[in-house]
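These figures come from a predicted structure and were not determined experimentally.
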Amino acid sequence: MTDQSAPLAFPADFVWGAATAAYQIEGAAAEDGRTPSVWDTFSRTPGKVRNGDTGDIATDHYHRYPADVALMAGLGLPAYRFSLAWPRVRPGGSGPANKAGLDFYDRLVDELLGHGIAPVATLYHWDLPQELEDAGGWTARDTAHRFAEYAALAADRLGDRIATWTTLNEPWCSAFLGYGSGVHAPGRTDPAAALAAHHHLLLAHGLAVGALRAALPGTAQVSLTLNLAAVRPLTGAPADREAARRIDGLANRIFLDPVFHGRYPADVLADTAEVTDWSFVRDGDLAEISRPLDSLGLNYYTPTVVAADDPADPAPRRDGHGGERSPWPADRGIRFLPADGERTAMGWPVDADGLYELLTRLRDELPGLPLLVTENGAAYDDYSDPTGAVHDPERIAYLHAHLAAVHRAIAAGVPVRGYFLWSLLDNFEWAYGYGKRFGIVHVDFASQRRTPKDSARWYAEVVRTGLLPPPA
Ligand code: IFM
């Protein structure tokens, strides 16, 4: 039996960090040559983002990055995962690199390295240049080629100092929320388009892996980040298990099989046959998509519970991502149900076992592949008390439970090499605007004042000691 009162020790070389994304924090939307992305357009479209919020200013990180890096250093963070804005590096999505845009990331990377913080770069966290969307966006094959060119430009300039590169962040969201349910930019609602976008995102990933390998030193690590789903049937009944098989196909195997095995799952092709004939897949694509990776990033927040439709139960088919249309291209006859128990401010159930389940599944399916938890965290309705402090015991409990799950996975032989908390700062939470606060550092968006929450100090101590204390 394990001693519940003993702290849990993480491996000495475990990588601890925090994560952000360009559009969610940078602001400076029209500065130094940056052109609009789909998120600039979408957020300015009435009714798409709560409160009409946009990323125009966000946390003003573009101007305040030295103070933000000092903040990270003060918390003792050894690594920082951020994304590059494609429309800043290559405005309009094609043509030459924008020197001023790359200069910003150059300064940021030097600032990080100067404070002993390892930069971990993601190339695509959803900010597709609007010009490319106008030419078809991710439903157009050309977009994949433009992405690989952009990857090469970024690697040429920054590859001497960034050791870890991720191509895409959560392509499920880009394809299925962006082109399926339309709750994310560009807001299209066409299941066939969502599947074409999915394939072209994976093609972009594969082409970019090739471009990065050509431009980077041989020691560079190249990765992909997926938001895989811990899918659970509501009951053991065959119809519920069939619902779970189908959603597992569309959430997980539609990524893992092509990226790691060079094929799409036969059952997913069959399940989606009424939506598309998949004729956008060309000879050679799957070989490109399945280029070897050095690690896989996993983002995890909450599990997904599914059941077969029950005519006697008129409950709405909540899938946890908002919107009236389903993001899933072929989910007829399937209900999505919230898991029981405590929820975060997103309404997402807190369930750390889902993280353990996914990590051990990846250990079994991809033996030996190093894994990184590239996002995990929670939104709560945080506020400054009269003394200016921000107490967030729920977030500490959430982080504690999920780090304990990571520790359990490592003990079970899963090669988890690091953990990046989402997020460093409160920021622009996409369609929810600034109303949902995921940061361990509170941001007063009017004054841009940063205040580390209790969770920031708690996490800093975990990072400093490499020990997870017993639950409070
Ligand atoms: O804020 C997002 C992030 O951009 C991608 N992963 C999920 C987070 C919380 O919704």
Side-chain angles (χ1 to χ4, degrees), residues 6-21 24-25 59 61 64-83 107-122 161-164 166 221 295 297 299 372-378 380 382 384 388-407 410 416-427 437-443 448-472:
L8 302 176
F10 281 76
D13 59 355
F14 194 74
V15 179
W16 297 98
T20 64
Q24 295 181 270
I25 64 163
T59 70
H61 173 76
R64 294 169 192 262
Y65 75 90
D68 288 341
V69 172
L71 190 56
M72 286 181 236
L75 295 174
L77 297 183
Y80 173 52
R81 173 179 182 253
F82 62 99
S83 79
R107 293 193 297 274
L108 172 63
V109 166
D110 284 348
E111 193 74 18
L112 289 164
L113 293 172
H115 284 80
I117 300 170
V120 175
T122 297
R161 284 157 293 149
I162 299 179
T164 306
T166 301
Q221 301 284 299
S295 64
N299 292 355
L372 294 165
V373 176
T374 36
E375 283 183 28
N376 175 242
Y380 288 103
D382 307 313
S384 303
V390 183
H391 303 301
D392 57 344
E394 311 94 330
R395 181 173 291 101
I396 293 175
Y398 180 100
L399 295 171
H400 191 287
H402 288 76
L403 282 169
V406 173
H407 187 274
I410 295 171
V416 190
R417 303 286 190 243
Y419 176 92
F420 292 81
L421 194 158
W422 185 270
S423 180
L424 176 70
L425 302 170
D426 289 339
N427 59 50
R437 294 179 175 274
F438 273 90
I440 53 171
V441 174
H442 182 271
V443 178
Q448 293 294 349
R449 183 184 152 83
R450 273 82 160 136
T451 306
K453 304 176 190 178
D454 288 353
S455 58
R457 282 181 282 276
W458 178 85
Y459 186 54
E461 191 59 11
V462 172
V463 170
R464 187 183 70 77
T465 58
L467 296 173
L468 185 65

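Annotation for Leu468 and Ala404: closest pair CD2-N, 3.5 Å, computed over non-hydrogen atoms. Across Thr20 and Tyr80, no two heavy atoms sit closer than the pair OG1-OH, 2.6 Å. Shown here for Ala19 and Ser423, the closest heavy-atom pair between the two residues is O-OG, 2.8 Å. What you find for Ser455 and Ile440 is that their closest heavy atoms are OG-CG2, 3.3 Å.
Salt-bridge check for Arg457 with Asp454: passed, with a basic side-chain N closer than 4.0 Å to an acidic carboxylate O.
Rounding to the nearest 0.5 Å gives a distance of 10.0 Å between CZ of Phe438 and CG of Asn376. With rounding to the nearest 0.5 Å, the separation of CD1 in Ile162 from CD in Gln221 is 14.0 Å.
Ser384 places no side-chain N or O within donor-acceptor distance of the main-chain N or O of Val390, the cut-off being under 3.5 Å. Arg450 places a side-chain N or O within 3.5 Å of a backbone atom of Gln448 that can act as its donor or acceptor partner. In this structure, the side chain of Thr59 engages the main chain of Ile25 through a donor-acceptor pair within 3.5 Å. Checked by atom type and distance alone, the side chain of Arg81 pairs as donor or acceptor with a backbone atom of Thr374 at under 3.5 Å.
Evaluation of the ring-ring contact (aromatic ring centres under 6.0 Å, His included) rule for His402 yields Tyr300, Tyr398 as partners, not counting sequence neighbours. By the salt bridge (Lys or Arg N to Asp or Glu O under 4.0 Å) test, Asp426 pairs with Arg437, Lys453, sequence neighbours left out. Judged as a salt bridge (Lys or Arg N to Asp or Glu O under 4.0 Å), and not counting sequence neighbours, Arg449 has no contacts.
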Verdict with reasoning, Asn299 to Trp422, per side-chain contact (heavy atoms from CB on, under 4.5 Å)
CA-CA 9 Å; Asn299 292 355; Trp422 185 270; over 6 Å; no

Between Leu77 and Leu424, does the side-chain contact (heavy atoms from CB on, under 4.5 Å) criterion hold? Intermediate values first, please.
CA-CA 10 Å; Leu77 297 183; Leu424 176 70; 4.1 Å; yes

What verdict does the side-chain contact (heavy atoms from CB on, under 4.5 Å) test give for Arg395 and Trp458, after you've listed the backbone C-alpha separation in whole Å, the side-chain angles of each residue and the deciding distance to 0.1 Å?
CA-CA 10 Å; Arg395 181 173 291 101; Trp458 178 85; over 6 Å; no

Derivation and outcome, side-chain contact (heavy atoms from CB on, under 4.5 Å), residues Tyr419 and Val406
CA-CA 9 Å; Tyr419 176 92; Val406 173; 4.2 Å; yes

Trace of the side chain to side chain donor-acceptor pair (under 3.5 Å) decision for Asp68 with His61:
CA-CA 7 Å; Asp68 288 341; His61 173 76; 2.8 Å; yes

If you look only at distance, which donor and acceptor atoms sit under 3.5 Å apart when one is on a side chain in residues 113-121 and the other is two or more places apart or in another chain?
unit_1 : atom_1 : unit_2 : atom_2 : d
His115 : ND1    : Glu111 : O      : 2.9

For residues 7-18, which side-chain N or O atoms pair as donor and acceptor with protein atoms under 3.5 Å away, sequence neighbours left out?
none

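A heavy-atom distance below 4.5 Å is found between the side chains of Pro469 and Val462. Using a 4.5 Å cut-off on side-chain heavy atoms (C-beta onward), Leu75 and Tyr459 make no contact.
The salt bridge (charged side-chain N to carboxylate O under 4.0 Å, His left out) pairs that include a residue from residues 459-472 are Glu461-Arg464, where partners are two or more places apart or lie in different chains.
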